Structure formats: structure tokens, C-alpha cells
Amino acid sequence: DSIIVVNPKNPSHPKNEYSTGNGSNPQDMEFKNSRKAYISLYEENKLLVINPVTGNIKKKIDLSEFADGDGLVEMSEMVLVKNYLYVSLQRLNRDNFFSADNKSFVVVIDTDTDKILDLDPDTEGNQVIELNGRNPGYMAYNKETGKIYFSLSANYNTKDNYGGIEVI
């Protein structure tokens, strides 16, 4: 539940360590620049906006409107594309052993304003990207194609049709 700042020339002696909150379970960190980064927290519904050197929290972006029945979004991997941060929400069912029973989403954050980007302003509420697959794990942006690639685990040890690779 912490972030360690390491000097690459001497990694055995950390420069700093700061907490993301007890039980928060940080998953990923994306850097906009040397003064601003984002941390996804698996056990929280608020995406942290921090100073990556000092650990000072600048803002918390509330994603709870996208939670499923257990009340958590299970935010995981992120990728920064230009001024937009793409955040994967696994939305696993904790009441059923973390099964991928719910649709998984990708929330887009405008990193200039730190606001959720509504992908369909004509529809009430904030609209996000709904994945066809479930339980997104690793995600990567390919500059040549201009697309984001997701690995989807779906439910482990089952033969459901929600696993694979998805591209947006």
C-alpha cells in the first residue's frame, strides 16, 4: 500500500516512500510529467492524482458511479495516450470469488482537467467504453496503429467466451 521512489543509479537505497492508504492495493502508475502521475487502486473507487516525487495527493477522481453490486470498480491497468488516461475497470463479483460476472469498462480521463470524459454527451450520466470481454489485465497502446490492446482473463478455469484480446 505504498509507492517507493528509487534512484536508478542506486536502487538499493530508496529516495522516498509514501502511502496510498491502508488496504488500497495500488495496481498501476502512469506519469503525465515529472510533477503529475496517476495511481489506480484496486480496493478503492478513487483514482489518485499525485506528485510522483513527493507523494503529495493533488486530487482523487471518483469512479464509484461505475461500481458493480459489491460497490467497487476494481481499477487495474492504465495507459496514457496524449492527454487522455485510459483506466480499466474489472468490476469483478467479490460475492462469487472474484468472478467476471459483470461487464468490464474503460474510463477515459482528460488529464488537462482531471475529469471523466463523457463519451456520449447526449446520454444522461458519464458514458464509458464497454468491453466485449471481461476481467481486463494488461493493456498497451500501439502508436503505429493508434489502438489500445487488452488481455482479457474472463473467469479462470471456465469455458466462457469473455477471454482473449480486445482492441479499442
Side-chain angles (χ1 to χ4, degrees), residues 1-6 14-32 35-81 84-111 113-119 125-141 148-158 160 162-163 166 168:
D1 297 334
S2 65
I3 302 297
I4 298 173
V5 181
V6 178
K15 292 175 70 172
N16 196 0
E17 180 176 2
Y18 50 87
S19 175
T20 57
N22 287 339
S24 61
N25 195 359
Q27 295 291 300
D28 197 6
M29 188 171 188
E30 283 290 326
F31 294 82
K32 174 153 175 128
R35 297 175 319 279
K36 185 176 184 181
Y38 298 84
I39 300 174
S40 61
L41 304 173
Y42 203 72
E43 301 297 327
E44 301 284 337
N45 287 334
K46 293 187 177 164
L47 178 70
L48 293 184
V49 184
I50 61 140
N51 178 314
V53 176
T54 66
N56 290 337
I57 296 171
K58 296 179 167 199
K59 186 182 282 191
K60 294 180 180 181
I61 302 171
D62 188 4
L63 303 180
S64 61
E65 68 185 281
F66 308 110
D68 58 10
D70 64 23
L72 289 171
V73 297
E74 287 95 15
M75 70 182 95
S76 185
E77 295 283 316
M78 303 181 294
V79 68
L80 186 63
V81 180
Y84 298 104
L85 180 73
Y86 293 78
V87 183
S88 66
L89 308 181
Q90 293 176 337
R91 303 181 72 245
L92 300 177
N93 182 349
R94 291 168 180 246
D95 296 329
N96 191 20
F97 305 105
F98 287 86
S99 61
D101 297 340
N102 304 303
K103 294 177 180 181
S104 296
F105 298 149
V106 177
V107 174
V108 183
I109 305 293
D110 181 329
T111 61
T113 63
D114 290 329
K115 303 275 187 204
I116 297 168
L117 187 65
D118 185 359
L119 300 178
N126 285 317
Q127 308 308 309
V128 296
I129 299 167
E130 184 178 307
L131 296 174
N132 292 314
R134 296 184 182 167
N135 197 6
Y138 183 74
M139 62 191 290
Y141 174 67
I148 300 172
Y149 296 79
F150 296 83
S151 66
L152 299 154
S153 300
N155 285 301
Y156 295 106
N157 301 319
T158 67
D160 66 19
Y162 296 113
E166 189 160 342
I168 61 168

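A quick note: this is a predicted structure, and the numbers were derived from the prediction, not measured.
For K115, there are no salt bridge (Lys or Arg N to Asp or Glu O under 4.0 Å) partners two or more places apart in sequence or in a different chain. By the salt bridge (Lys or Arg N to Asp or Glu O under 4.0 Å) test, D114 is found to be paired with K36, residues two or more places apart in sequence or in another chain being considered. Annotation: salt bridge (Lys or Arg N to Asp or Glu O under 4.0 Å) contacts of E43 (sequence neighbours excluded): R94.
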Intermediate values then yes/no, side-chain contact (heavy atoms from CB on, under 4.5 Å), V107 and M75: CA-CA 10 Å; V107 174; M75 70 182 95; over 6 Å; no
Worked check of side-chain contact (heavy atoms from CB on, under 4.5 Å) between K60 and L48: CA-CA 5 Å; K60 294 180 180 181; L48 293 184; 3.7 Å; yes
Stepwise side-chain contact (heavy atoms from CB on, under 4.5 Å) check, I129 with F105: CA-CA 6 Å; I129 299 167; F105 298 149; over 6 Å; no
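At distances below 3.5 Å, not a single donor-acceptor pair connects side-chain atoms of S104 with backbone N or O atoms of R134. Listed for the Y149 side chain is no donor-acceptor partner under 3.5 Å among the backbone atoms of Y138. Without hydrogens or angle criteria, N45 side chain to D62 main chain gives no donor-acceptor distance under 3.5 Å. Side-chain atoms of N16 come within 3.5 Å of backbone atoms of V53 as a donor-acceptor pair (strictly under, hydrogens ignored). Judged by distance alone, the side chain of N93 and the main-chain N or O of D101 form no donor-acceptor pair under 3.5 Å. Remark: the backbone N or O of G137 is not paired with any side-chain donor or acceptor of S76 at under 3.5 angstrom. For D28 (side chain) and M78 (main-chain N/O), a donor-acceptor pair under 3.5 Å exists by modelled atom type.
Checking S40 against Q27 by side-chain atom types alone, no donor-acceptor pair falls below 3.5 Å.
Taking every heavy atom of both residues into account, M29 and A37 meet most closely at CE-CB, 4.0 Å. G125 and D118 make their closest contact through O-OD2, 3.0 Å (heavy atoms, listed as atom of the first residue, atom of the second, distance). Considering every non-hydrogen atom in both Y84 and D110, the closest pair reads CD2-CA, 4.1 Å. In this structure, L80 and F31 approach most closely via the heavy-atom pair CD2-O, 3.3 Å. Contact between S88 and P136 at its shortest, heavy atoms only, is CB-CG, 3.9 Å.
Taken to the nearest 0.5 Å, the CD1 atom of I39 stands 6.5 Å off from the OG1 atom of T20. One distance of note links CD1 of I116 with CG of L63; it measures 5.0 Å at 0.5 Å rounding. The distance from atom OG of S24 to atom CD of E44, rounded to the nearest 0.5 Å, is 6.0 Å. Atom CD in E130 sits 12.0 Å away from atom CG in L119 (nearest 0.5 Å). The distance from atom CG of L85 to atom CD1 of I109, rounded to the nearest 0.5 Å, is 6.5 Å. L152 CG to M139 CE: the interatomic distance, rounded to the nearest 0.5 Å, is 10.5 Å.
Here the options are V73, N135, D68, the test is side chain to side chain contact (heavy atoms under 4.5 Å, CB included), and the partner is L92; only N135 passes.
The closest side-chain heavy-atom distance from Y38 to V87 is not below 4.5 Å. Using a 4.5 Å heavy-atom threshold, the side chains of L41 and K46 count as separate. Side-chain contact between V5 and Y18 is present, with at least one heavy-atom pair separated by less than 4.5 Å.
Aromatic ring pairs are classed by plane angle as parallel below 30°, tilted from 30° to 60° and perpendicular above 60°; the pair F98 and Y42 is parallel.
Counting non-hydrogen atoms of neighbouring residues, nucleotides and ligands closer than 6.0 angstrom, the CZ atom of F66 exceeds 12 such neighbours. Atom NZ of K32 is surrounded by more than 12 heavy atoms from other residues, nucleotides or ligands within 6.0 Å.
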